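These notes are about the structure you will find just below.
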Amino acid sequence: CYEMSGVLFFIPYKAKKIIKLRLDTHQIIGYIDVFENNGEDICLNSTCRVGNIVYCALWMRGEIVKIDLEKEIIMREKISEEYKFSQICERQKRFFLYDMLTKSILVYSKDFKKVEKIIEVGCEDALLIISKGGDILVDLATTDDILIIGEDFKGRGKITFRIGKQLLDIQPWRINTWGYDQNKEIWGISTNGFLFKFINNNQTIEKRELKVN
């Protein structure tokens, strides 16, 4: 979800409309259609924001959607027939897209015209989180590992999150939830009921056991 001038824009899971919610009254004030063909089997799976534009990866397609929050304009762009994207994030005017076919991170130029780097990961899917210092945390979806990719696009290490049996029976998939606090430190909630905090942009982890997943 993203805020613009006191309005929260968000997309419910697998929905095809953007919902507009006023933050002061908590009232829904409108909807924006994302796709012209609502019968199309497609959904927005991952987003990142650069200025007024939200960039979205279309699930299992080589396409993105650009959403201008200020003008409320939707633009759909085909990037490649060779890839099937799941995640997108932005760093230093480059876009990082996870391709489920090659199991790699594709580093695109800001205009999406050129793949500048391919980072092989080897997992069917992964969440991409940008750290305070610019590293990419690659949260693998089918293992208990998080890879750290530095600004030179090389691996800086790996963290394993196995601390016990997970609370939900969702094997082999392990999908975590991530966010940032006001200092841009990274917080993650794992499926085994632990809250993780990456401290000082390094591999030190603060763990807190939660009562409920």
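Predicted model only: the values in this text are computed from it and were never measured. Only heavy atoms go into these numbers, but all of them, side chains included; no hydrogens, no water, no symmetry mates.
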Indicate the atoms forming the closest heavy-atom contact of D135 with G150, along with that distance.
OD1-CA, 3.4 Å
V65 and V34: which non-hydrogen atoms are nearest, and at how many Å?
CG1-CG1, 4.4 Å
With a 3.5 Å distance limit and no angle check, can you tell me whether S104 reaches the backbone of L106 through a side-chain donor-acceptor pair?
no
Quick check: closest heavy atoms across I149 and G155, and the distance to 0.1 Å?
CD1-CA, 4.2 Å
Which is it for I74 and I18 under the side chain to side chain contact (heavy atoms under 4.5 Å, CB included) test, yes or no, and what are the steps along the way?
CA-CA 11 Å; I74 310 295; I18 300 172; 4.2 Å; yes
Salt bridge between E151 and R91, side-chain N to carboxylate O under 4.0 Å?
no
Under a 4.0 Å threshold between the charged nitrogen and the carboxylate oxygen, would R22 count as salt-bridged to D24?
yes
What distance separates L140 CG from L147 CG, expressed to the nearest 0.5 Å?
4.5 Å
For a side chain to side chain contact (heavy atoms under 4.5 Å, CB included) check, start with the C-alpha distance between Q87 and D125, then their side-chain angles and the critical distance, and finish with the verdict.
CA-CA 8 Å; Q87 308 292 326; D125 197 7; 4.0 Å; yes
Over all atoms of both residues, closest heavy-atom pair of F85 and Y83:
CE2-CB, 3.6 Å
Is E77 close to E63 at the side-chain level, that is, under 4.5 Å between some pair of heavy atoms?
no
Y55 and V50: CA distance, side-chain angles, deciding distance, side chain to side chain contact (heavy atoms under 4.5 Å, CB included) verdict:
CA-CA 8 Å; Y55 295 83; V50 181; 3.9 Å; yes
Under 3.5 Å, is there a donor on one side chain and an acceptor on the other for Y98 and S46?
no
Distance col, row R49:CZ vs E90:CD, nearest 0.5 angstrom, shows 12.5 Å
Using a strict 4.0 Å threshold on nitrogen-to-oxygen distance, state whether E120 and K103 make a salt bridge.
no
Supply the atom-to-atom distance I32 CD1 to F9 CZ, rounded to the nearest 0.5 angstrom.
5.5 Å
Do you know the tightest heavy-atom contact between F95 and K110?
CE1-O, 3.6 Å
Work out which heavy atom in N45 is nearest to a heavy atom in S86; give both atom names and the distance.
ND2-O, 2.6 Å
Before you tell me yes or no, could you show the steps for I79 and I64 under side chain to side chain contact (heavy atoms under 4.5 Å, CB included), namely the whole-Å CA-CA distance, both residues' side-chain angles and the distance that decides it to 0.1 Å?
CA-CA 7 Å; I79 305 300; I64 62 168; 4.0 Å; yes
Check the surroundings of atom NZ in K84: do more than 12 heavy atoms from other residues, nucleotides or ligands lie under 6.0 Å from it?
no
